[in-house]
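Let me begin by presenting the structure, written as structure tokens, before commenting on it.
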Amino acid sequence: MAIAYVGLGANVGDRRAQLAWAVQRLHASPDLRVQRVSALREYPPVGGPPQPPYLNAVAEVITTLAPLDLLRR
């Protein structure tokens, strides 16, 4: 088992609902366990075309997945 940190972010549509869905999907994964989720933070986009601000969070997970497998999940 290893501790990993998963960055979550959304800037289109219902951002809170999308992040909640992402955390739910992580909870449903048999290969990892969500330990904690940070508070949600809003940040302006950097560079690129004009776009809405991002809502971001970080999930701390314990997993048996290899790094690339966790990224794919």
Taking the side chain as C-beta and beyond, is there a heavy-atom pair between [X] and [Y] under 4.5 Å?
X	Y	result
Leu68	Leu70	no
Arg15	Pro53	yes
Asn11	Leu55	no

task: Verify the distance criterion only: is there a donor paired with an acceptor across the side chains of Gln35 and Arg33 at less than 3.5 Å?
output: yes

Please enumerate all residues that pass side chain to side chain donor-acceptor pair (under 3.5 Å) together with [X], with sequence neighbours excluded.
X	result
Tyr43	none
Gln24	none
Asp14	none

- line: Sorted by chain and number, sequence neighbours left out, side chain to side chain contact (heavy atoms under 4.5 Å, CB included) with Arg25 holds for Trp21

statement: With sequence neighbours left out, the residues meeting side chain to side chain contact (heavy atoms under 4.5 Å, CB included) with Asp31 are Ser29, Thr64, Leu65, Arg73

statement: Between Leu8 and Ala22 the two heavy atoms that sit nearest each other are CD2-CB, 4.2 Å

statement: All heavy atoms of Ala57 vs all of Leu40, minimum pair found to be CB-CD2, 3.7 Å

task: List, by chain and number, the other hydrophobic cluster members for Ile62, where Ile, Leu, Val, Met, Phe, Trp and Tyr join if side-chain heavy atoms come within less than 4.5 Å, directly or indirectly.
output: Met1, Ile3, Tyr5, Val58

statement: In Val61, Val23, Leu19, Val6, the residue satisfying side-chain contact (heavy atoms from CB on, under 4.5 Å) with Val37 is Val23

